[in-house]
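Owing to the predicted nature of the structure, the values given are computational and were not obtained by experimental measurement. These numbers come from the heavy atoms of this one structure, side chains and all, not from hydrogens, waters or symmetry mates. Letters A, B, ... are given to chains in the order of the sequence lines, protein chains preceding strands, and every chain is numbered from 1.
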Amino acid sequence: MQQDYKPGEIEKKWQERWSKSRIFEAEPSEDEKFFITIPYPYLNGNLHAGHTRTFTIGDVVARYRRMLGFNVLFPMGFHVTGTPIVGLAELIQNREPQTMEVYSRFHGIPLDVLETLDTPEKIVDYFKVESEFNMRSIGYSIDWRRKFTTTDPHYKKFIEWQFNLLYDKSLIVKGSHPVKWCPHDNNPVEDHDILHGESATIVDFTFLKFKYDDVVLPCATLRPETIFGVTNLWVNPDIEHVKIKVEKDGREEFWIVSKEAYRKLTFTDRKVDFVENVPSSSIIGIKVKNPLTGAEVITLPASFVKGGNGSGIVMSVPAHAPYDYLALRDLYDRDLSEFGIDEDLRRIEFISLIKAPEFGEYPAVEAVEKFGVTDQDDPRAEEATKVVYRREFHGGVLKENTGKYAGIAVSKIKDVLTQDLIEQGIGEVFYEFSEPVVCRCGTPCVVNMVRGQWFLNYSNPEWKEKVYRCIEKMDIIPEELRLEFNNKVDWLKDKACARRKGLGTNLPFDKKWLIESLGDSTIYMSYYIMAKFFADGITPEHLTPALFDHVLLGKVTAEDAAKDSGVPVETIKQMRSDFEYWYPVDLRSSGKDLIPNHLLFFLFHHVAIFEEDKWPLAIAINGFVSLEGKKMSKSKGPLLTLKDAVDNYGADISRLYILSSAEQTQDADWKNSGIEAARKQMDRLYGFAADIVSSGASSGMKGELKLIDRWILSRLQHRIQETNDALDSIQTRHALQNSFFLLYNDVKWYQRRGGSALLYDIMDTWVRLLSPFTPHLCEEIWETMGHGEGDFVSFAAYPVYDEGLVDMSAEFAEELVSNTLADIEEIARVTKMSPKKVILYTSPAWKTEAYKVALSMQRDGNLNVGALMKSLMAVPDMKRYGKEVPAFVKKLVPDITSMNTEKIEMLADFDLNEEAILKEASGFLAAEIGCPVEVYSADAPQYDPEKKSRFAVPLRPAIYLEK
RNA sequence: GCGAGGGUAGCCAAGCUAGGUCAAAGGCGCCAGACUUAAGAUCUGGUUGCGAAGGCAUUCGUGCGUUCGAAUCGCACCCCCCGCACCA
């Protein structure tokens with residue numbers, strides 16, 4: 001080994017050797033397989049620190065499993081379908097300043113090269129080369145023969161096959177769905193196109209169609225069940241209303257709504273025609289009919305009604321809605337003759353329809369009183385509304401007057417009731433933003449119903465049921481996320497799977513559509529297994545449905561598939577047996593952003609297409625990476641690319657840093673100071689290894705082992721065990737904590753205590769233990785330790801816990817030594833002494849005896865001061881110390897009762913000769929403290945000028961510092 | 001709003017699911033000492049306060065509570081972050 005650690009040289013050397021020897025190209029064998037996949041990167045930029053984290057975790061698992069003896073398949077591909085790459089090509093074509101800046105500065109693309117990337121194809125070609133190069137440069141153990149791009153003609157055949165299959169299973173259906181829509185651009189608006197209202201969501205209101213002769217006054221509500229409690233409607237006299245003709249599903253109706261509502265309705269899946277303007281006065285003071293209960297209710301004027309919300313007409317439920325109650329109360333003493341209303345509004349009876357534990361008959365009234373709301377324009381009204389709504393939603397149950405719905409929880413009623421209302425033709429769904437949305441072009445957006453859209457029918461209960469079953473059987477790492485996965489399955493609705501724009505595969509049964517890019521990335525892990533065969537003259541034309549049916553489903557015979565596809569039957573059989581060998585996916589490891597989308601779809605499509613024995617076995621999740629506390633952005637910066645990290649620090653240092661900086665779902669923050677520290681640590685490891693190698697050390701396991709040798713072997717076992725356990729649950733931080741930092745501290749203590757015989761053996765274990773994390777340096781050390789060509793540490797046996805090497809007495813002995821040293825140093829520090837001599841007195845026999853008795857009594861669960869005294873006084877020798885025993889016992893008992901059982905068990909089984917241990921260590925202690933150290937037993941101290949020996953207790957020698 | 005996760009010493013962070021070994025791992029930073037011509041690296045010690053004997057006092061978002069004993073359990077409250085879709 002060279003004197004200085006030069007990551008670049010070492011890494012290049014080993015990457016070339018790995019590549020040349022093709023050790024990571026996996027083929028089926030007798031060994032147990034392990035198939036690990038990481039979501040392939042989307043190629044609208046270079047790989048960055050976030051990829052670095054996710055992929056490095058995957059590589060560590062792959063390398064770890066390989067060293068445990070598994071036959072590991074770790075493939076990689078490139079995702080390019082969808083719109084962003086097309087958008088990027090346009091931006092580059094237009095020389096959009098921010099894009100040019102970000103891609104040259106952060107993505108590190110030379111400007112002259114960047115300017116040539118003006119088509120999607122060129123972008124894909126550029127980044128797929130870069131990405132593979134980057135992944136090789138950080139040492140990922142990927143089988144590159146299996147790479148592909150999602151626009152490859154072969155891949156498109158695979159996707160067509162998959163979508164035909166889903167279509168045949170009726171899992172792809174046609175329907176409509178609401179999108180945020182800009183009327184000016186005549187296009188859906190994506191989040192980054194929004195000027196205001198980025199956080200707006202689409203909320204589904206229910207229209208309840210109150211009748212006035214032949215005209216409908218629709219009222220929008222989020223709580224359709226309150227239709228049972230309607231006492232009147234609200235109409236704002238100061239806004240404009242219109243009469244319109246509305247056609248939906250072949251039904252024609254006349255509605256009166258606000259002018260704004262009319263505009264919004266034209267974008268829904270209804271045919272809407274303007275009929276005439278309607279003066280507000282003509283619809284106030286009229287009697288309308290509740291479509292469900294048949295009750296006649298009056299329409300009243302209210303200022304709080306906004307034309308832009310819902311239909312512009314509001315139903316009033318004063319028992320449960322504070323605004324309604326307030327508005328009604330505000331009218332009690334007003335003269336409404338201008339609206340032609342002369343009846344006494346106090347006679348309107350409130351209708352209570354929800355029983356909630358916190359409330360009595362009229363929750364709205366109670367809340368208004370509690371919050372002291374004065375009128376409908378009082379801001380506290382909002383608060384009162386929220387409280388009533390929340391309490392009723394979570395704890396409320398429908399009352400008898402709701403007929404067949406009585407007893408149903410409010411939280412469960414909405415979907416059921418809405419469905420019933422729609423069937424009866426008295427309710428409709430109406431989508432609305434939770435807050436106003438304005439397009440970048442300045443136009444207010446609307447919710448538009450896109451018609452004739454293809455959907456993946458994820459809401460299908462049978463489909464979901466299978467996914468639940470799959471999740472139940474899977475390992476979800478970390479386990480806490482299992483709940484999250486189940487919640488998301490529950491939440492998932494039908495997903496539009498076709499688009500007009502972008503790269504991708506055409507929907508095979510409706511060619512004018514492109515398959516949406518998340519849908520084409522669900523079962524591609526199986527494609528890796530086939531992909532390597534395509535190099536041997538298999539063209540896309542060969543990839544017929546029969547071939548996929550045979551290879552992936554085992555449905556058609558190999559012979560028929562061969563005849564149909566024209567591929568030799570032997571090749572097809574080989575593909576099938578490869579698939580049988582490698583599938584299912586043992587682990588899919590991914591960033592947490594993919595949980596509610598890709599990973600969900602990954603599960604849905606697997607359970608829909610494959611038999612149960614091919615369902616995925618585990619998913620692991622990791623958090624994001626920020627940059628000096630700032631969120632990274634591919635398109636806006638800041639961004640740290642994988643390439644920059646490796647160029648500046650090297651592969652192993654970057655790996656060590658990203659793996660150790662955060663655990664699992666925690667987010668990692670990439671800091672300059674942190675990676676600099678990692679560099680020092682690698683330097684130190686390198687220096688340590690170089691010293692051992694250059695000293696010509698060899699294994700010391702055959703010679704006689706000293707206490708400290710047995711100690712380090714024992715400690716090593718704990719570190720090994722912790723590392724293995726951590727890696728099994730993909731906790732790379734914990735794994736490195738043990739295999740790198742804690743182990744390093746142990747080794748320091750070993751050397752400090754004069755240990756040297758086992759340095760080679762320690763290094764031998766250590767280098768294997770660290771190999772998954774920092775493989776290049778480990779190969780380098782491994783080689784210099786005498787392992788010849790072809791003997792890669794990447795395939796050496798991973799260290800596993802060896803109980804036979806655990807030596808608790810050695811560990812206790814060292815603990816005694818280090819505690820004693822710490823105590824001496826503390827005394828010296830507190831007293832500001834530099835002692836000329838240190839004398840240690842180990843516990844007298846009677847105290848040790850008392851200690852043992854106490855431990856055993858505690859173990860039997862009957863330790864107390866009285867009982868211990870009694871049992872000690874029965875021992876003849878103990879009587880000689882009759883005066884000292886009570887004081888000692890009094891201190892001892894609480895000490896021992898407060899120990900946990902584990903410690904009691906351990907201590908009770910040990911019999912340390914403290915005097916011998918400390919005498920053996922006295923040379924070490926003397927050197928550390930800088931003066932002679934003498935050790936006596938407190939039973940018969942030869943020298944004890946200050947009578948310190950009386951303080952000696954088991955595992956805690958008395959200490960005397962002499963000036 | 002709904003769902004999920006989290007608040008630990010200067011910073012990052014372990015521990016909390018099985019309460020006592022927890023003044024609380026480890027790393028970083030900082031301070032001091034050793035080594036060195038010096039710096040860096042490395043090693044040693046310190047890093048809540050007090051302390052001329054290994055100790056004591058007070059800490060783990062806030063407030064109650066359970067317990068002989070709580071960072072760890074219960075209740076209430078405050079605060080932070082993430083996801084909520086047709087977009088990869």
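Note on A:Lys464 versus A:Asp490: no salt bridge recorded, every NZ/NE/NH1/NH2 to OD/OE distance being 4.0 Å or above. Checked for salt-bridge contact, A:Glu814 and A:Arg715 miss the test: no charged N lies under 4.0 Å from a carboxylate O. Ion pairing between a basic and an acidic side chain is recognised when a charged N comes within 4.0 Å of a carboxylate O; A:Arg956 and A:Asp823 show such pairing. The residues A:Lys592 and A:Asp667 are annotated as salt-bridged, a charged nitrogen and a carboxylate oxygen being separated by less than 4.0 angstrom.
Atoms CG (A:Asp669) and P (B:C28) sit 17 Å apart, rounded to a whole Å. The separation between A:Ile595 atom CD1 and B:G3 atom C1' is 12 Å, rounded to whole Å. The distance between atom CG of A:Asn597 and atom C1' of B:G83, rounded to the nearest whole Å, is 10 Å. If you take NZ of A:Lys592 and P of B:A4, they are 15 Å apart, rounded to a whole angstrom. Atom-to-atom, CG of A:Leu743 to C1' of B:G27 comes out at 15 Å; the value is rounded to the nearest Å. Between the CZ atom of A:Phe688 and the P atom of B:A41 there is a distance of 20 Å, given to the nearest Å. Rounded to an integer number of Å, the gap from CG of A:Leu518 to C1' of B:A85 is 10 Å. In this structure, the CZ atom of A:Phe740 is 17 Å from the C1' atom of B:A25, given to the nearest Å.
Separating the P atom of B:C81 from that of B:U8 is a span of 14 Å, rounded to the nearest Å. Taking the C1' atom of each, B:U47 and B:C28 are spaced 13 Å apart, rounded to whole Å. Annotation: B:G20 and B:A34 have their C1' atoms spaced 39 Å apart (nearest Å). Spacing between B:A25 and B:G63 at atom C1', rounded to whole Å, works out to 30 Å. For the C1' atoms, the distance from B:G29 to B:C50 is 25 Å, rounded to whole Å. B:G19 and B:U67 have their P atoms separated by 16 Å, given to the nearest Å. When the P atom is used for both B:C80 and B:A32, the distance is 39 Å, rounded to whole Å. Remark: the separation of the P atoms in B:C75 and B:A4 is 15 Å, to the nearest Å.
Of the candidates B:G54, B:U44, B:A4, the closest approach to any side-chain atom of A:Lys748 belongs to B:U44. Comparing B:A53, B:A52, B:U42 by their nearest atom to the side chain of A:Tyr744 picks out B:U42. Distances were taken from every side-chain heavy atom of A:Pro84 (C-beta onward) to each of B:G83, B:G26, B:A88; the shortest belongs to B:A88. Closest to the side chain of A:Glu826, from the set B:G54, B:A88, B:A4, is B:G54. For A:Arg956, whose side chain is taken as the heavy atoms from C-beta onward, the closest listed nucleotide among B:C86, B:A52, B:G55 is B:G55. With B:G3, B:G29, B:A53 as the candidates, the nucleotide lying closest to the side chain of A:Asn487 is B:G3. Considering only side-chain atoms of A:Lys488, the nucleotide from B:G45, B:A53, B:G83 that sits closest is B:G83. Checking B:A88, B:A53, B:U42 against the side-chain heavy atoms of A:Thr83 singles out B:A88 as nearest. The side chain of A:His79 has B:A88 as its nearest neighbour among B:G83, B:A41, B:A88.
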Side-chain donor-acceptor pairs under 3.5 Å in residues 670-679 of chain A, sequence neighbours left out?
residue  : atom : partner  : partner atom : Å
A:Asn672 : OD1  : A:Tyr649 : OH           : 2.8
A:Glu676 : OE1  : A:Arg679 : NE           : 3.2

Next on the checklist: Output one letter per nucleotide in nucleotides 5-21 of chain B: B when a protein non-hydrogen atom lies under 4.0 Å from the base, S when only the sugar-phosphate is that close, - when neither is.
Outcome noted: ------S-SS-----BB

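In this structure, A:Lys680 reaches the sugar-phosphate backbone alone: every heavy-atom distance under 4.0 Å involves primed, P, OP1 or OP2 atoms, never a base. Among the atoms of the strands shown, none is found under 4.0 Å from any heavy atom of A:Ser673. The residue A:Arg752 sits close only to the backbone: its heavy atoms come under 4.0 Å of sugar-phosphate atoms, none of a base. Within the 4.0 angstrom heavy-atom criterion, only backbone atoms of the sugar-phosphate kind lie near A:Ala677; the bases stay farther away. When heavy atoms are screened at a 4.0 angstrom cut-off, A:Pro39 is found touching no nucleic acid atom at all. Residue A:Leu742 is classed as a sugar-phosphate contact, given heavy-atom separations below 4.0 Å to backbone atoms only. Residue contacts for A:Asn745: at a heavy-atom cut-off of 4.0 Å it reaches the sugar-phosphate backbone alone, with no base atom in range. Heavy atoms of A:Tyr960 sit under 4.0 angstrom from at least one base atom. Using a 4.0 Å heavy-atom criterion, one finds that A:Gln681 contacts the sugar-phosphate atoms exclusively. Counting any heavy atom pair closer than 4.0 Å across all strands shown, A:Asp691 reaches no nucleic acid atom. Contacts of A:Leu481 with the nucleic acid, taken as non-hydrogen atoms under 4.0 Å apart, are absent.
Summarising the base pairing, B:G40 is matched to no nucleotide, lacking a Watson-Crick or G-U wobble pair whose two defining distances lie under 3.5 Å. In this structure, B:A14 makes no Watson-Crick or G-U wobble pair, since no nucleotide meets both defining distances under 3.5 angstrom. When Watson-Crick and G-U wobble pairs are counted only if both distances are under 3.5 Å, B:C75 pairs with B:G63.
For B:A53, the OP1/OP2 oxygens have no side-chain nitrogen or oxygen of A:Tyr841 closer than 4.0 Å. For B:A53, neither phosphate oxygen OP1 nor OP2 lies less than 4.0 angstrom from any side-chain nitrogen or oxygen of A:Thr831.
Here the rule is side-chain contact (heavy atoms from CB on, under 4.5 Å) with A:Lys488, and of A:Leu483, A:Leu599, A:Leu600 only A:Leu600 fits it. Paired with A:Tyr431 under the rule side-chain contact (heavy atoms from CB on, under 4.5 Å), one option of A:Asp204, A:Val179, A:Val446 passes, and it is A:Asp204.
The aromatic rings of A:Tyr744 and A:Phe688 lie perpendicular to each other, with more than 60° between the two planes, well past the 30° mark.
Nearest-nucleotide assignment on RNA chain B puts the 5′-proximal partner with A:Trp491, out of A:Asp593 and A:Trp491. Where A:Lys631 and A:Glu928 each meet RNA chain B at their nearest nucleotide, the meeting point lying more 5' is that of A:Glu928.
The cationic group of A:Arg655 does not satisfy the cation-pi geometry with A:Phe773, failing either the under 6.0 Å distance to the six-membered ring centre or the 45° limit from the ring axis.
Between A:Phe455 and A:Trp513, the ring center distance fails the sub-6.0 Å criterion.
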Next on the checklist: Between A:Phe604 and A:Tyr458, is the ring-ring contact (aromatic ring centres under 6.0 Å, His included) condition met? List the steps.
Outcome noted: CA-CA 8 Å; A:Phe604 269 86; A:Tyr458 292 140; 4.8 Å; yes

